[in-house]
Amino acid sequence: MFEGAESVEFTGKCIVSLAKDPNLMSKSGRILMTPELGREYNLVDVDGRVIDSMRQINWLLGRNPSTAWVQRWLPNFIKMPFWMFALKGSKF
């Protein structure tokens, strides 16, 4: 469907890992993204790929051909804060 998208099996792996997590209540009430859970629980997709989070700045830059060259220079840990997603989704 989408090139580079995660499989439904990856989502299932994240759910199973969450269910087994003894600190599950510390994640209660938060938005959890499956690529970030995959990194936290060391999960890979069925084809062996590590799924990139859409919050990673280098992932966002790689989507635009004019900024794709910058992608390889930025580390994966630089991420867009969740409040920026809230602004984008807000109707105000």
Side-chain angles (χ1 to χ4, degrees):
M1 187 174 204
F2 295 109
E3 182 181 331
E6 65 192 46
S7 66
V8 294
E9 288 86 356
F10 183 77
T11 305
K13 288 179 181 182
C14 291
I15 293 169
V16 168
S17 296
L18 268 174
K20 291 180 181 178
D21 190 348
N23 297 320
L24 178 61
M25 289 308 294
S26 67
K27 294 175 173 45
S28 177
R30 294 179 32 206
I31 298 170
L32 302 173
M33 301 179 92
T34 53
E36 294 175 15
L37 288 173
R39 289 194 188 268
E40 180 179 342
Y41 295 123
N42 297 318
L43 303 174
V44 294
D45 207 351
V46 291
D47 58 0
R49 291 181 301 126
V50 174
I51 305 297
D52 292 325
S53 174
M54 61 190 281
R55 288 183 53 217
Q56 290 175 220
I57 300 297
N58 60 3
W59 182 87
L60 294 168
L61 291 172
R63 303 290 123 333
N64 184 349
S66 64
T67 60
W69 64 273
V70 181
Q71 179 183 21
R72 66 176 182 263
W73 296 99
L74 291 174
N76 288 337
F77 64 83
I78 300 176
K79 296 182 181 174
M80 183 182 301
F82 278 115
W83 61 266
M84 289 182 123
F85 281 99
L87 287 177
K88 185 178 186 264
S90 176
K91 59 184 173 183
F92 298 107

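Residue numbers count from 1 along this sequence.
- Annotation for Cys14 and Gly38: closest pair SG-N, 4.1 Å, computed over non-hydrogen atoms.
- Think of Val46 as one node in a network of Ile, Leu, Val, Met, Phe, Trp and Tyr side chains linked at under 4.5 Å; it has no links at all.
- The side chain to side chain donor-acceptor pair (under 3.5 Å) check on Arg49 picks up Asp45, Asp47, with sequence neighbours excluded.
- In terms of the side chain to side chain donor-acceptor pair (under 3.5 Å) criterion, Ser28 has no residue partners (sequence neighbours excluded).
- In this structure, the side chain to side chain contact (heavy atoms under 4.5 Å, CB included) partners of Lys79, at least two apart in sequence or on a different chain, are Glu36, Arg55, Gln56.
- Atom CG of Leu61 sits about 12.5 Å away from atom CZ of Arg72, to the nearest 0.5 Å.
- Taken together through direct or relayed side-chain contacts under 4.5 Å among Ile, Leu, Val, Met, Phe, Trp and Tyr, Met84 and Leu74 form part of one hydrophobic cluster.
- Evaluation of the side chain to side chain contact (heavy atoms under 4.5 Å, CB included) rule for Ile15 yields Thr11 as partners, not counting sequence neighbours.
- With sequence neighbours left out, the salt bridge (Lys or Arg N to Asp or Glu O under 4.0 Å) criterion links Glu9 to no other residue.
- When hydrophobic residues (I, L, V, M, F, W, Y) are linked wherever their side-chain heavy atoms come within less than 4.5 Å, the members clustered with Phe10 are Leu18, Leu24, Leu32, Leu37, Tyr41, Leu43, Ile51.
- With sequence neighbours excluded, the residues satisfying side chain to side chain contact (heavy atoms under 4.5 Å, CB included) with Val16 are Lys20.
- Shortest non-hydrogen contact noted between Ile57 and Met80 is CD1-N, 4.0 Å.
- Under the side chain to side chain contact (heavy atoms under 4.5 Å, CB included) criterion, Pro75 pairs with Phe77, Ile78, not counting sequence neighbours.
- The side chain to side chain donor-acceptor pair (under 3.5 Å) search around Asn42 returns none, not counting sequence neighbours.
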